Amino acid sequence: MSRPRKRLAGTSGSGNGCDAQRLFAIPGGVLKNRNPLVTDKGLSGKRTKTENSGEALAEVEDSNPQKTSATKNCVKNLSSHWLMKSEPESRLEKGVDVKFSIEDLKAQPKQTTCWDGVRNYQARNFLRAMKLGEEAFFYHSNCKEPGIAGLMKIVKEAYPDHTQFEKSNPHYDPSSKEDNPKWSMVDVQFVRMMKRFIPLAELKSYHQAHKATGGPLKNMTLFSRQRLSIQPLTQEEFDFVLSLEEKEPS
DNA sequence: GCCAACGTTGGC
DNA sequence: GCCAACGTTGGC
């Protein structure tokens, strides 16, 4: 049951029931630990059950589990930029179309949506590390042309993903209890389209080249952890991807 | 549609 | 706690 990619609850494009209050719920105390230990361990390339299953982490939470579980062990300064995957083409999952493209995001009220359906502990921990105002690339996956389509920003920090409790939802998780939710989501708002679509293939060719030259994309998570649906980018990675907008497609 | 990569589950 | 079997992700 790993479902790292965003799925809209119910029909895509329609209101999803979590837009109403979010823009006005501005959490205080924004400047806390920025990075989870999992992040650090994760990036080191180790892979163990404990690290990936986040269950241990879930136990180590303080009074604000949705936001702080991942930040218990702070490393430092790893990331305030993100990449989030979503499928822009129709695909049925338990009879529900999980399509959600950047155009769909633009069409939402306030161009904002809750990023529900993430069912992978590592991805969830990254969601919980996200801070208000941070920027994320909207990545189109599992489609004709995978790649980075645009930019969005975090407008509400992690809170419980209501779809985990909805039996009819494709991402229903019977093992999660209302008084101790397992899964989190954030709200994101459309910022802009990329000036041009940045295809995965192009990113990959830079990644390959940079592995040899030590360039900015040499360790990009998109390639080192190909299945992770929510991933951090370093400042250098983020800036480099943005710089590609100005270049000719390669 | 294929299948490599890789996360999760559960028996032991 | 190990690890084989299984299921999913997602590029191609």
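Just so it is clear, the values below take in all heavy atoms, side chains as well, and ignore hydrogens, waters and symmetry mates. Chain naming here is simple, since letters A, B, ... match the order of the sequence lines and numbering starts at 1 in each. Keep in mind that this is a model prediction, so the values were computed, not measured.
Residues A/W82 and A/F138 keep their aromatic ring centres 6.0 Å or farther apart.
With rounding to whole Å, A/Q231 atom CD is found 12 Å from C/dG10 atom C1'. We find that CG of A/L200 is positioned 17 Å from P of C/dT9, with the value rounded to whole Å. To the nearest angstrom, P of C/dG11 lies 8 Å from NZ of A/K204. In this structure, A/H171 places its NE2 atom 16 Å from C1' of B/dT8, rounding to the nearest Å. Straight-line distance from the NZ atom of A/K144 to the P atom of C/dG11: 14 Å, rounded to whole Å. The distance from atom CG of A/L228 to atom C1' of C/dG11 is 16 Å, rounded to the nearest whole Å. Taking atom CD on A/E93 and atom P on C/dG7, their separation rounds to 15 Å, with Å as the unit. Protein atom CZ of A/F223 is 13 Å distant from nucleotide atom C1' of C/dG10, rounded to whole Å.
Applying the side-chain contact (heavy atoms from CB on, under 4.5 Å) rule to A/H210 yields the partners A/Y206, A/T213, A/P216, A/L217, A/K218, A/F240; only residues at least two apart in sequence or on another chain are considered. Considering only residues two or more places apart in sequence or on other chains, A/K106 meets the side-chain hydrogen bond (donor to acceptor under 3.5 Å, both in side chains) condition with none of them.
Contact annotation: the side chain of A/W183 never approaches that of A/L127 to less than 4.5 Å [non-hydrogen atoms, C-beta and beyond].
Counting non-hydrogen atoms under 4.0 angstrom, A/Y139 reaches the backbone sugars and phosphates but no base.
Put simply, A/K85 has no side-chain N or O that comes within less than 4.0 Å of OP1 or OP2 on C/dT9.
Side chain of A/Q226, nearest nucleotide from B/dA5, C/dG11, B/dT8: B/dA5. Across C/dC12, B/dG7, B/dC6, the shortest atom-to-atom separation from the side chain of A/N120 is found for B/dG7. The side chain of A/S141 lies closest to C/dG10 when the candidates are C/dG10, C/dC12, B/dA5. Residue A/N142 places its side chain closer to C/dG11 than to any other of C/dG7, C/dG11, B/dT8.
Residues A/E157 and A/V186 share a closest heavy-atom pair of C-CG1, 4.1 Å.
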